[in-house]
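Beneath this line is the structure, given in structure tokens, with notes to follow.
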Amino acid sequence: MVTLDVRPQLLEALSALRDRVSAARFPLPLEGASRARANRDELLAQLDDYLVPRLREPEAPLLVVVGGSTGAGKSTLVNSLVGRRVSEAGVLRPTTRTPVLVCHPEDHHWFSDVRVLPGLTRAWVPRQDAGAGLTGDELLTSEDDPARVLRVETVETVPPGLALLDAPDIDSLIADNRALAAELICAADIWVMVTTAARYADAVPWHLLRTAKEYDATLVTVLDRVPHQVVSEVSKQYGALLTKAGLGDVPRFTVPELPESAWGGGLLPATAVAPLRAWLVHHAQDPAARQYAMARTAHGLLDSLKVRMPELAGAAAAQYSAALRLTSVVDAAYDGESARVRGRLDAGAVLAGDALKRWRAYPLDCTAGELLDALVESLAALLLCAVTAADERIDDAWRREPAAGGPGLADRDPSAESAEHRIGLAVRRWRRELEEYADDEVRELERNAAPDPEVVAALAATGLLGGRRGRSAGEGLAERIGAHGALRLRDRAGRLLADYLDRVMHAERERRLAPLDALEVHPDPQAELIAALSVLLKER
Amino acid sequence: MTAVTDQNQKEHTAHTEGMVQRDGRDSTDGQRAPDDRGVGEIPESRTVQEAGTGRGRGSDPEYGGVSGAGGTARSVTIPEHDRAPRPEGAGRRRALEEAGVADASDLAAGRSSRVVSGQGTRLEDDGIARTGHTRALVRPDDRHAPADRLNRPVRRQDDDRPARRQDDDRQQRRQDDDRQQRRPDENRHARVRDDDNHARVHDGDGHARMTDGSHARGHEGDHHAPEHQGDHHARVQDGDARGRTESEDVWDDGLIARRVTETGTSAADLVPVDPRPARTMPVPPLAYDGPLRSRLDALRELVGLSRTRLDSRTLAEAGRVLDEAAARRRLSGQHTVVAIAGATGSGKSQLFNALAGVAISETGVRRPTTAAPIACSWSDGAASLIDRLGIPGRLRRRPVQGSDADPQMRGLVLVDLPDHDSAAVQHREHVDRILGLVDAVIWVVDPEKYADAVLHERYLRPMAGHAEIMFVVLNQIDRLPGEAADQVLDDLRRLLDEDGIALGEYGEPGATVLALSALTGDGVGELRESLGQFVAERGAAARRISADVDAAATGLRPVYATRGQAGLSEEAREEFAARLADAVGAVAAGEAAERAWLRNAGRACGTPWLRLWRWCQDRREPPTGRLPVRTQPDEEATARQRVEQAVRTVADRASAGLPVPWAQAVREAAVRGAQGLPEALDDLAARAGLPPGRPPRPGWWPAAVLAQASMTILQVVGGLWLVGQIVGVMAPNLGVPVLLMLAGIGGGPLVEWSCRIAARGPARRYGQDAERRLREAAAGCGRARVLDPLAAELLRYREVREQYARVTGAGGR
């Protein structure tokens with residue numbers, strides 16, 4: 001016999017775990033990420049809606065959630081169980097769009113606040129209101145989001161200590177309904193799965209049944225709307241299927257299809273649902289049975305954490321590793337391009353094309369200023385080329401990464417122009433600093449025939465950027481400001497150049513990584529999830 | 001359940017009830033009737049005892065209605081006609097036809113000759129035919145024929161099986177024949193050659209008696225030519241049928257047991273159709289109309305053109321559509337394959353049975369009920385179509401038609417599918433596979449399940465484009481009280497509308513939505529009617545293919561459609577050229593050339609004194625940088641990074657807006673072209689850098705030089721004169737020599753200055769000329785290596801796009 005033994009430490013560990021779960025994010029569109037997101041939401045819903053409130057207040061009424069496919073007759077069943085039309089039944093599918101919770105008036109306070117199902121707005125309909133459905137609808141229309149409303153009904157015929165919740169269909173065409181149904185079912189102490197003679201082999205309800213088995217929830221199945229000619233045969237079939245699925249011990253109730261139950265009709269006679277009602281009343285009122293039902297679901301859920309938390313942690317790890325892969329692609333691309341740029345610089349690639357022509361014409365047909373302009377432009381072109389090449393490599397590599405479809409990653413605006421702008425800015429700043437250095441050198445000379453600083457700067461730049469071809473520039477520079485000065489100037493300019501180079505590449509890389517960083521995919525959640533789980537398991 | 005048909009043979013007075021089995025071929029017979037007329041037929045009646053009880057499901061009702069497997073004894077009374085030789089003409093025609101097309105031809109020709117029989121018999125036929133004898137096969141005791149049939153199913157199912165399972169001795173004698181014939185059979189060509197004069201004789205009315213009688217008697221369509229003398233009436237009891245009687249036709253030519261039915265008389269048959277007999281088109285194949293054909297051609301071409309660019313996964317769907325279109329095209333155009341699909345428990349099988357008029361498909365409360373698809377063909381010749389669905393012979397049926405024999409359903413092949421939503425996964429696989437092959441679909445929904453997500457999201461929404469070949473049927477309205485049925489139907493219409501399915505109301509093309517109750521028969525007539533009309537139009541297959549093409553085109557849209565204009569704009573080309581010019585340094589080169597020319601001009605026209613001074617200066621300090629660079633030819637004169645960037649930019653421009661694979665291809669083409677481009681530009685810069693020969697000199701140049709010289713002479717003359725005066729050689733006259741000298745001194749720079757002014761124009765021209773040469777050479781190089789491949793790639797894309805437009809647009813949808 002399982003019992004519910006609630007200690008404060010357990011609750012503490014549980015709420016810590018809940019925080020961890022709610023902090024987990026799976027932003028990258030990996031395979032399995034959407035599933036992980038759904039799992040996380042479901043787990044969170046179960047913790048918030050069910051486990052935490054249940055452990056805090058074990059004396060709260062049992063919540064029985066009636067779930068099933070569309071048209072299975074859930075609403076009719078609930079209405080029949082309480083003996084009043086509380087939930088609208090009808091022939092048009094899906095019928096129930098707003099979940100309805102029915103409880104005894106004395107229990108109303110348990111459900112009027114946000115103790116359970118905190119995500120749903122309450123719409124309470126006073127008991128005296130006969131046209132409950134209508135009023136409910138009117139209330140709903142005033143709400144912003146009708147899907148997130150829980151209608152609470154109080155009916156005296158419901159035994160105290162028991163609340164029935166009529167959930168929307170689990171396979172609804174309306175996706176919100178489906179999500180809501182799943183969430184509601186997660187909040188249940190007792191799951192009542194309703195299926196029909198026409199549906200008992202449907203795949204969707206079976207998924208749910210299997211889930212219930214996995215969570216070891218207290219489960220009841222109702223085979224509804226069975227034409228009485230075939231009651232025994234269908235019931236036997238269904239039983240066989242359940243047994244085959246390992247659910248043979250699940251209490252099974254059969255409700256025949258009666259004219260009253262048909263389509264939009266009223267209530268089933270009490271006798272039709274009597275066994276189910278008796279079962280429910282028994283569990284609500286007999287302390288042992290009640291305790292058993294409650295504890296079984298709660299423990300089942302706690303046990304399921306052992307599987308589900310590692311799953312979440314695994315998904316978090318997958319996210320992180322995907323992010324790492326993306327980052328490493330960017331890093332590799334930029335590192336490669338940086339190395340290439342350095343190699344090109346050493347080879348004197350800047351002194352080519354326009355710059356080379358200028359240099360050849362210098363000094364007869366070209367001024368120092370023009371030469372310097374050409375060099376700077378050529379340097380900017382080299383850097384821009386490196387950056388765009390890196391981007392291209394990244395694009396190529398990311399195209400093969402599913403994770404690269406993440407928000408903000410895929411739709412990178414083609415900011416080549418702005419990259420050009422940024423690089424031009426950096427290069428011009430380098431030129432200014434170089435000219436300042438040249439000024440310094442020239443001023444130190446204190447000679448009468450001091451050379452023009454611009455010439456010095458141009459020669460220094462040529463020597464620095466021209467590789468082998470610029471060697472003669474170095475010689476000219478040494479002639480003008482002395483070998484020592486020339487060496488010093490060259491060193492300083494070289495360091496400055498390397499500095500600017502790194503800065504440019506780094507800045508571009510950061511820009512590239514910014515959207516990925518914004519997603520905040522860290523390794524921590526994985527460890528934290530596992531840690532929270534282990535604490536919880538220890539406290540149990 | 002068995003179906004019993006009574007048939008009246010018009011020509012024969014005798015009423016016999018018989019079961020006739022036919023194979024695919026036979027089916028054509030109805031149309032061929034006229035030929036047979038002339039043939040004398042000798043009725044023969046036989047009783048065939050067949051062993052084999054199990055007509056149950058194990059047995060294949062399709063095969064000639066004789067289930068071999070079970071081995072129930074049946075007695076068959078077969079009136080056989082002896083066949084008299086056929087008129088030769090007919091025979092020959094037949095022969096020709098058959099030789100050409102194999103069996104199919106008969107139908108096509110509209111010949112009446114019926115070839116009915118199981119294979120075995122047919123084969124025999126052949127044998128006989130070849131011998132050229134006309135014989136009448138009369139087998140009084142004929143058990144063979146049925147036995148044959150019995151075997152047939154087995155054989156057909158697996159051709160390899162050498163021995164027929166269930167043969168009794170009677171059969172033995174035929175076996176040889178059969179075997180030998182089997183081979184031809186397998187390759188399905190000309191199976192039957194009865195050349196010449198064998199007339200086929202049908203046996204008169206074979207009336208088969210069916211024991212079961214549970215179901216309607218099928219009548220044969222009256223449209224069948226009444227002239228057939230031999231009719232086979234087949235009653236087949238299918239499903240669990242226990243005993244059957246068969247009537248067989250025996251043809252003169254020795255073909256026994258060709259099952260033919262229905263000439264003018266109605267053969268009601270719930271006859272299992274022979275699944276695999278010579279399938280060579282007994283029926284005229286489907287013909288697509290012009291637009292569809294051209295769309296298919298376009299799609300084929302599209303796939304061909306794209307194969308190297310797109311991965312096979314992307315093209316898989318289009319390829320499948322093409323394959324299916326081709327496969328469907330080869331098959332009968334007279335038939336429309338309609339699948340009944342729906343959720344478990346919606347009453348698919350019940351509807352199927354209601355349409356067929358007999359309980360062919362098992363119904364029940366056990367879910368899921370139907371595990372494998374069952375086909376039912378209303379007229380013959382559909383066997384190959386059903387083959388294509390992969391429905392085995394034992395799951396093929398023929399309807400029992402009620403007294404209101406419906407010619408309207410002629411050409412219908414109905415397929416009952418398993419459910420798509422039960423926990424049994426293989427059912428869904430069946431459904432998914434067959435839905436891709438049928439010509440039309442009847443979706444059966446019920447009031448309980450009509451809003452199931454799985455139906456709408458998994459099937460109806462993706463198939464929204466197939467609305468025209470879709471019937472949506474709300475079954476089980478008997479379970480709904482009063483006007484609730486209308487409400488539900490309206491709600492269903494709303495949901496379908498939300499799924500994007502066009503509803504065929506007010507004469508617009510679209511899905512037909514009906515409410516009915518298969519149980520009570522309410523509304524079934526309506527469905528039957530619209531189904532009949534639908535089938536009679538014979539357009540479903542083409543429309544289905546067309547919708548498939550639409551769907552494939554939509555699926556391919558992302559890889560073909562462009563945002564905006566694809567192509568290389570003039571600006572992009574110019575920008576590319578400009579970037580290349582930058583890379584080779586055209587501007588700098590031009591400027592340098594201009595300045596050098598100007599410098600030279602200045603030097604040439606400058607005062608000698610200035611030249612002298614410059615010369616001295618030059619000697620004193622050599623110019624930096626100039627000499628070493630000039631001397632060595634440069635290996636990398638072109639700025640690699642600029643070339644790379646230029647190529648990348650132009651590729652980006654060219655691929656802007658293209659779908660990813662094509663953009664990738666364009667980029668690759670650019671990169672490929674760019675290989676070696678810098679080296680080529682290096683070469684070119686060395687060659688085309690400067691205009692060849694000496695820089696041009698303007699015409700006024702000598703005059704300027706002369707003027708400059710004369711100025712110098714003036715100076716010299718003035719100076720000499722002054723010196724002469726000072727020395728005293730000359731008479732003192734200060735004025736003139738000073739003036740002369742001043743003029744010379746002032747005039748020299750003046751001439752130099754004006755020369756420089758005058759030289760500016762030619763210098764600029766010279767520089768521009770140099771720049772332009774370099775620029776053009778670079779641009780030409782770039783065009784040849786990069787732009788042309790790019791343009792070719794773009795052209796290829798544009799071609800593909802045109803094909804795509806043909807695929808989507810030309811259909812007129």
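As a basis for the values below, the full set of heavy atoms in this structure was taken, side chains included, without hydrogen atoms, waters or symmetry mates. Note on naming: letters A, B, ... go to the chains in the order of the sequence lines (proteins, then strands), and numbering restarts at 1 for each one.
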Between A/Thr388 and B/Glu644, is a side-chain contact (heavy atoms from CB on, under 4.5 Å) present by the stated rule, with each step listed? CA-CA 10 Å; A/Thr388 45; B/Glu644 195 181 323; over 6 Å; no
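- Here CG of A/Leu382 is found 10.0 Å from CD of B/Gln645. Values are rounded to the nearest 0.5 Å.
- With a 4.5 angstrom heavy-atom cutoff, B/Arg461 touches chain A only via side-chain atoms.
- For a residue to count as touching a neighbouring chain, one of its non-hydrogen atoms must lie under 4.5 Å from one of that chain's; by this rule B/Gln664 touches chain A with the side chain only.
- Taking CZ of B/Arg648 as the start and CD of A/Glu392 as the end, the distance is 5.0 Å to the nearest 0.5 Å.
- Put simply, the residue from A/Lys357, A/Arg360, A/Arg358 that forms a salt bridge (Lys or Arg N to Asp or Glu O under 4.0 Å) with B/Glu591 is A/Arg358.
- Across all non-hydrogen atoms, the minimal contact from B/Arg595 to A/Thr367 is NH1-N, 4.3 Å.
- B/Glu448 has no carboxylate O lying under 4.0 Å from a charged side-chain N of A/Lys74, or vice versa, which leaves the two without a salt bridge.
- Of the possible polar contacts, none joining the A/Arg399 side chain to the B/Val660 backbone as a donor-acceptor pair under 3.5 Å is found.
- Scanning all heavy atoms of the two residues, the minimum distance from A/Asp354 to B/Ala586 falls at OD1-N, 4.0 Å.
- The shortest distance between side-chain heavy atoms of B/Gln641 and A/Arg340 does not fall below 4.5 Å.
- The shortest non-hydrogen separation linking A/Asp202 to B/Lys449 is OD1-NZ, 2.8 Å.
- Between B/Asp452 and A/Arg199, the shortest heavy-atom contact is OD1-NH2, 2.6 Å.
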